[in-house]
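A short worksheet on the structure shown next.
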There are 2 protein chains.
Amino acid sequence: MSNPSSEAPRLRADAARNRERLIEAAKEVFGEAGATASLEAVARQAGVGIGTLYRHFESREALVGAVYQREIDRLVEAAERGSPDGPRAAIRAWLHLFVDYIAAKKVLVSAMSQAPSSLEAIMGAVKVLLDRAIEAGEVRADLRPEDLMHALAGLAYAHDRAGWRESALRLIDVFVAGLAP
Amino acid sequence: MSNPSSEAPRLRADAARNRERLIEAAKEVFGEAGATASLEAVARQAGVGIGTLYRHFESREALVGAVYQREIDRLVEAAERGSPDGPRAAIRAWLHLFVDYIAAKKVLVSAMSQAPSSLEAIMGAVKVLLDRAIEAGEVRADLRPEDLMHALAGLAYAHDRAGWRESALRLIDVFVAGLAP
DNA sequence: ACTGTAGCGGAGGGCCCCCTCCGTTTTATA
DNA sequence: TATAAAACGGAGGGGGCCCTCCGCTACAGT
């Protein structure tokens, strides 16, 4: 979280390379088979021994976390940035962004359900959006961040069915329309 | 689907008993560990050999189907029954019913995603509800049954978190409010 | 170039799962 | 009660996965 390159004694060149390869491989493998895919498959895909994987990432969760940290950071930033068209529009825009993230990297969802820290980060983003919108009187006041999270999860669930993306965007419209107080 | 007790040559008493036990055990085990739980665990729980399980249910899907057939039938019937307060109210009521089903038997969801036939049955129910509501002009016409299914999946997803049920009911209200044309 | 050491790989033990096969037990019927 | 047929159960072959451990490799600093 602070300066990352001065935190540990610095990695040897081959170690750094392998670490990067593992993350890249995990992105692919998890993207195809979900976040419960075999770690040995990840190591194979990275062209690296299983021992190397375990040296770099203590647990499956650590690996999942490394893969999605960047994406999650971006989502959080987008939520904080807001929208010029007001808080409810910001929610809509953010949900659209979320859909695109899911469409691209299929596993954000399982990352969310497997790595509690990721979940918290996204929850924080959602809270920001919702608080602003409620404060502005644009959204009914009985909603809680978890509600939106659940809606999100719904968007993400079954994201591999054909036509999912269009369906998700329609759902968002319905949902945002229903948000009015 | 037709008279079931005359379909096959009739089961021997012990066979019928074990079949029942297996379904009961599957209900418990799947309820606890999800529909991917080990079939051997189901057999153990039923106090029955693994061979017996496989003789009665050709595949995991067949077992899942047997477990949830009745619940799914009821959901389908409820959708066809409708509501005296109009088609949109019927959707709302049906979603509430769905929530209760999920709250009680935790695995309906995974049943849906694992057994295509269950999915189709529920899809049919949703279509009935939606068609009526659109025809009556109570719901925007661009919605498709899959959209509602996705919303459903969302309701079901993460159904084990604390406070899930209240959150789901709030979401339904938001959603139904947004359904207006 | 030399050498200490960080880092590598993958064999191997332990565990669980799937599914088949067949000797044994239970049931239904004559 | 005797017997054919149905049903049972669980051992066992095959496979995958998790994770540890340690002899070997290749990098970095002198």
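Proteins get letters first, then strands, A, B, ... in listed order; numbering begins at 1 in each.
Residue order along DNA chain C, read from the 5' end via each residue's closest nucleotide, puts Gly49(A) first among Ser59(B) and Gly49(A). Take the nearest nucleotide of DNA chain D for Tyr54(A) and for Asp14(A): the residue whose nucleotide is more 5' is Tyr54(A). Nearer the 5' end of DNA chain C, as judged by each residue's closest nucleotide, is the contact made by Ala16(A), out of Ala16(A) and Ala41(B).
Contact detail for Arg88(A) and Ala180(A): the closest heavy-atom pair is NH1-CB, 3.2 Å. Summarising the geometry of Gly178(B) relative to Arg140(B), their closest heavy-atom pair is O-CD, 3.9 Å, with the distance given to 0.1 Å. The shortest non-hydrogen separation linking Leu148(B) to Leu95(B) is CD2-CD2, 4.1 Å.
dG13(D) atom P lies 17 Å from atom CD1 of Ile50(B), rounded to whole Å. Residue Phe57(B) contributes atom CZ, which lies 15 Å from atom P of dC19(C) at whole-angstrom precision. Atoms CD (Glu40(B)) and C1' (dG14(D)) sit 13 Å apart, rounded to a whole Å. Taking atom CZ of Arg17(B) as the reference point, atom P of dA7(D) lies 13 Å away to the nearest angstrom. To the nearest angstrom, P of dA7(D) lies 6 Å from CG of Leu11(B).
Not one side-chain nitrogen or oxygen of Asn18(A) sits closer than 4.0 Å to the OP1 or OP2 atom of dG7(C). Contact annotation: Arg44(B) does not reach the phosphate of dG10(D) (side-chain N/O to OP1 or OP2, under 4.0 Å). Remark: Ser38(A) is not in phosphate contact with dG16(D), judged by side-chain N or O atoms under 4.0 Å from OP1 or OP2. Considering only side-chain N and O atoms, Arg19(A) lies nowhere under 4.0 angstrom from the phosphate OP1 or OP2 of dG7(C). An OP1 or OP2 oxygen of dC8(C) is reached within less than 4.0 angstrom by a side-chain nitrogen or oxygen of His56(A).
The side chain of Leu39(A) has dC19(D) as its nearest neighbour among dC19(D), dG9(C), dA7(D). Here the side chain of Arg55(A) is nearest to one of dG9(C), dG12(D), dG12(C), namely dG9(C).
Side-chain atoms of Glu58(B) stay outside donor-acceptor range of the base of dC19(C), with no qualifying N/O pair under 3.5 Å. Between the side chain of Arg12(A) and the base of dA6(C), at least one donor-acceptor pair of N or O atoms lies under 3.5 Å.
A 6.0 Å sphere centred on CZ of Arg170(A) holds more than 12 heavy atoms belonging to other residues, nucleotides or ligands.
Counted by atom type alone, Ser167(B) and Asp147(A) present one or more donor-acceptor pairs between their side chains at under 3.5 Å.
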